[in-house]
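The block underneath contains the structure these notes are about, expressed in structure tokens.
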Amino acid sequence: MPLDPDYLKYPHRRYGMDHDRYEWSMLARRKPVTWPGGARVALWVNLAVQFFPLNQSGRPFRPPGGMSTPYPDLRHFTLRDYGNRVGLYRCLEALDAAAITPTFSVNAAIAEKYPQLLDRLNRSGNEILASSWHMDTLHHGELPRYEEEELVQRSLETLRAAVDAPVVGWLSPGRSQSGNTPDLLAAAGIRYMGDWINDELPYPFATDYGELIALPLSLELDDQFIIQNNLHSEWEYADQVKDACDYLLAEAESTGQGRLLALSVHPWLMGQPHRIAALESLLRHISGKSGIWSAPARDIVAAWERQRV
Amino acid sequence: MREDLGLYDYRPWDERLPIRWPNGARLALWVAPNIEFYELEPPANPQRKAWPRPIPDIQGYGTRDYGNRVGHMRMMELLDTYGVRGSISLSVALCEHHPEIIDLCAERNWEFFSHGIYNTRYVYGMDEDQERSVIEDSVRTIAKHTGQQCAGYLAPALTHTERTLDLFSEAGGLYTCDLFHDDQPTPVKVRSGKPFVSVPYSLELNDTIVYVVNRVEPRRYGEMIRQAFDRLYREGEQGGTVMCVPLHAYQVAHPHRMRAFEDALAYVTGHSDVWVTTAREIAKYYVEHYYDQAVARWGAA
């Protein structure tokens with residue numbers, strides 16, 4: 001029996017994308033972006049402040065970094081919690097030493113579980129991006145819209161009540177979205193999101209409730225992706241980030257187009273005592289280069305927005 | 001199902017043909033950028049899921065889209081620098097979606113060959129007419145948008161039926177990249193009886209296999225390319241070899257991988273007696289000069 005004839009139909013075979021969320025556009029052919037102070041590369045270092053629940057549903061997939069042995073998986077629960085207690089503070093010290101400004105993506109559950117931690121981040125004045133409720137509340141295509149809407153609202157209300165600065169940025173757990181996520185985020189006052197990894201600069205993203213800005217947070221350069229998924233060492237990770245930094249600086253120089261180096265760092269991973277030196281090393285490398293502009297996500301988005309036609 | 005499709009006959013490596021490539025070259029080097037389009041919401045195939053996560057799998061989709069938006073230009077300009085014309089394994093729907101990329105490659109006289117319509121459409125479960133229509137569509141689309149007669153085939157997402165190569169030969173094809181059994185071209189038996197060959201395409205050096213399946217470090221990938229080259233170059237003295245480097249802009253063109261790849265590309269193109277060419281030219285040269293000899297010795301057709 002042959003396949004259903006519909007399998008050989010291509011309803012979206014046309015110019016541009018196969019959806020209406022954003023325009024097809026090649027990075028190299030866009031109007032050049034420039035950064036404040038004539039910087040060539042904007043640097044967004046995102047620290048993930050995460051809560052992985054012990055009673056993980058794992059639906060529709062195990063969140064990256066989530067529980068993986070039978071309940072109660074104290075092993076992974078505490079390894080992840082280490083980041084909030086110890087690792088984060090080591091990372092902050094390393095960032096301070098390199099004079100690099102971090103941004104924090106925070107699960108709203110942190111506000112309830114560890115208010116002292118959130119207070120501290122709030123008082124530092126650094127930007128906080130909302131990151132849903134916790135790492136097991138995945139946004140995905142099988143989640144009913146009303147449940148996701150409630151999840152977005154509850155997460156944002158909780159974080160906004162605890163944070164002085166506007167919470168207008170978003171990063172989904174596991175970088176996973178449903179088809180409704182962008183609409184729900186825009187309706188709830190979110191202005192930019194880091195989930196889509198198809199670009200290296202901000203770009204406009206259409207929703208039913210007005211425009212969002214996609215601010216891609218590189219997955220291929222994410223510490224967890226390189227160290228836990230690819231099983232490379234922390235020093236190999238540091239080399240890869242340094243190579244990326246040098247490459248983007250050179251490309252920005254030769255093309256006259258500003259570039260973005262977006263680094264996703266997990267304190268439970270890089271904050272381990274045997275790894276922190278690798279983080280320090282790569283941060284030193286980056287901050288030692290001229291032409292780097294370290295800024296919170298909101299400033300990078302604002303600088304990009306000011307240059308739109 | 002059959003134990004072996006009997007596509008080619010056995011030939012021991014120490015009895016390989018004493019091939020000499022044009023100008024006495026001992027190694028034919030070709031680079032195969034896979035320029036692909038993955039759909040956000042592809043229809044379900046009964047035998048293979050398109051995406052690991054529920055649709056929309058924005059992580060998988062975004063990873064691939066990055067290649068077209070960001071990576072392609074980097075990869076193409078790097079190949080320009082080292083005088084390499086790409087042989088493109090093309091999801092032909094990209095001619096409609098992203099004609100700018102097609103134009104850039106056509107201006108450089110790169111070769112286009114078929115890699116199916118989309119890399120999210122698999123031939124599993126198709127009957128002969130369905131698979132023929134997909135192959136004919138891809139040949140027609142390449143001709144319409146590039147003016148080129150499609151000579152080669154790499155099945156979409158490496159999905160095959162028992163008939164795939166027969167159908168491609170009947171659609172006017174000359175070579176396949178789907179077989180990884182040799183470091184020289186070999187005749188392939190197809191029911192049309194027309195000359196049809198396998199051009200070596202190294203899945204082992206394919207950047208997606210290297211980076212995603214084998215999770216190799218960028219600098220190690222550069223070493224792998226150099227080491228493969230050294231061996232094939234040395235052995236090529238006894239009988240010309242083929243080296244293929246299959247690429248995806250969504251893998252190799254990330255800023256942390258470009259430099260290591262560039263070093264390797266500079267190394268392999270920096271040797272004399274290397275024919276830097278395309279798959280079609282390798283297939284044609286082989287058919288004109290060595291095909292009959294190979295068939296006489298080991299059988300085919």
Side-chain angles (χ1 to χ4, degrees), chain A residues 1-10 12-19 21 24-29 60-61 140-143 174-179 181 195-201 203 216 218-221 229-233 236 239-248 251 259 261, chain B residues 37 39-41 43-46 52-59 61-74 77 93 96-101 117-118 121-130 133-134 137 211-212 215-220 250-251 254-260:
Chain A
M1 209 176 74
L3 282 186
D4 183 330
D6 281 351
Y7 196 79
L8 280 84
K9 291 180 183 158
Y10 313 103
H12 301 293
R13 191 171 171 181
R14 62 185 182 208
Y15 182 76
M17 305 311 299
D18 58 337
H19 57 77
R21 288 297 192 179
W24 153 239
S25 152
M26 292 177 84
L27 179 73
R29 293 192 157 184
F61 55 87
H140 58 86
E142 292 159 9
L143 188 65
R175 321 281 188 93
S176 178
Q177 291 191 347
S178 76
T181 308
D195 297 335
W196 285 71
I197 52 171
N198 56 335
D199 212 301
E200 282 182 6
L201 281 176
Y203 66 91
S218 171
L219 178 69
E220 300 279 347
L221 271 180
N229 182 73
N230 292 345
L231 302 176
H232 301 171
S233 75
E236 174 62 34
D239 281 346
Q240 291 178 35
V241 173
K242 292 174 191 177
D243 284 353
C245 172
D246 295 353
Y247 185 86
L248 291 173
E251 188 174 78
R259 288 287 180 257
L261 177 58
Chain B
F37 199 103
E39 298 161 283
L40 187 61
E41 298 184 7
N45 180 284
R53 293 180 173 184
I55 287 174
D57 185 340
I58 68 161
Q59 188 165 298
Y61 181 87
T63 295
R64 274 49 171 226
D65 188 28
Y66 172 94
N68 296 325
R69 290 172 78 87
V70 181
H72 177 76
M73 198 67 95
R74 276 185 193 145
E77 288 178 350
E96 282 104 359
H97 288 290
H98 302 333
E100 296 86 351
I101 290 180
I117 314 290
Y118 287 105
R121 303 277 180 139
Y122 313 128
V123 301
Y124 299 136
M126 286 188 189
D127 67 16
E128 182 164 337
D129 285 343
Q130 290 179 324
S133 80
V134 167
D137 179 335
Y211 284 130
V212 181
R215 302 174 180 189
V216 166
E217 300 88 346
R219 295 175 190 195
R220 175 67 198 131
Y250 68 80
Q251 290 297 336
H254 278 279
H256 58 302
R257 293 181 177 146
M258 282 292 281
R259 177 62 197 275

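Computed from a predicted structure; not experimentally measured. Within every chain, numbering begins at 1; the chains are lettered A, B, ... in the order of the sequence lines, protein sequences first and strands thereafter.
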Using side-chain heavy atoms (C-beta onward) and a distance below 4.5 Å, is B:Arg53 in contact with A:Ser176? yes
Top residue by heavy-atom pair count (under 4.5 Å) with chain A, among B:His98, B:Met73, B:Glu39? B:His98
Given side chains that start at C-beta, do those of B:Arg257 and A:Tyr247 come closer than 4.5 Å, heavy atoms only? no
Do A:Arg175 and B:Ile58 have side chains that approach each other closer than 4.5 Å (heavy atoms only, starting at C-beta)? no
Pick from A:Glu251, A:His140, A:Glu236, A:His232 with the largest number of heavy-atom pairs that fall under 4.5 Å of chain B: A:His232
Of A:Asp4, A:Ile197, A:Leu219, the largest count of non-hydrogen pairs under 4.5 angstrom with chain B goes to A:Ile197
With a 3.5 Å distance limit and no angle check, can you tell me whether B:His256 reaches the backbone of A:Lys242 through a side-chain donor-acceptor pair? no
With chain A as the partner, which of B:Ala93, B:Pro56, B:Gly67, B:Pro46 has the greatest number of non-hydrogen pairs under 4.5 Å? B:Pro56
Whatever's closer than 4.5 Å to a heavy atom in chain A on B:Ala260 counts as neither
Heavy-atom distance under 4.5 Å to chain A: side chain of B:Val216, backbone, both or neither? backbone
Any non-hydrogen side-chain atom of B:Pro255 less than 4.5 Å from a side-chain atom of A:Arg259? no
Pick one of side chain, backbone, both or neither for B:Tyr211, based on which atoms fall under 4.5 Å of a heavy atom in chain A. backbone
Side chain / backbone / both / neither for A:Asp6 at chain B, heavy atoms under 4.5 Å: backbone
Are the side chains of B:Thr63 and A:Glu220 in touch, meaning some heavy atoms are under 4.5 Å apart? yes
Hey, does B:Asn45 have a side-chain heavy atom less than 4.5 Å from the side chain of A:Tyr7? yes
Gap between atom CG of A:Leu248 and atom NE2 of B:His254 - 0.5 Å precision: 11.5 Å
Does the ring centre of B:His97 sit less than 6.0 Å away from the ring centre of A:Trp24? no
Report the option among B:Asp129, B:Val134, B:Asp137 that has the most heavy-atom pairs separated by less than 4.5 Å from atoms of chain A. B:Asp137
Within 45° of the ring axis of A:Tyr10 and under 6.0 Å from its six-membered ring centre, is that where the NZ or CZ of B:Arg121 lies? no
Counting C-beta onward and ignoring hydrogens, is there a side-chain heavy-atom pair between A:Leu8 and B:Gln130 closer than 4.5 Å? yes
Side chains of A:Arg21 and B:Leu40: does their closest heavy-atom pair fall under 4.5 Å? no
Please classify the contact between B:Asn68 and chain A as side chain, backbone, both or neither, with a heavy-atom cut-off of under 4.5 Å. both
Quick check for you: among B:His72, B:Met258, B:Arg259, B:Arg64, which has the greatest number of heavy-atom pairs under 4.5 Å with chain A? B:Met258
So which of A:Met1, A:Lys9, A:Glu142, A:Met17 has the biggest tally of heavy-atom pairs under 4.5 Å with chain B? A:Met17
Do you know which of B:Glu128, B:Arg74, B:Gln251, B:Arg219 has the most heavy-atom pairs with chain A at a distance under 4.5 angstrom? B:Arg74
Of the listed residues (A:Asp239, A:Leu261, A:Asp246, A:Asn229), which shares the most heavy-atom pairs with chain B below a 4.5 Å separation? A:Asn229
Among the listed options A:Gly174, A:Ser233, A:Pro5, the residue most often paired with chain B at heavy-atom distances under 4.5 Å: A:Gly174
Step through it carefully: locate the ring centre of B:Phe37, locate the ring centre of A:His12, and say whether they are under 6.0 Å apart. no
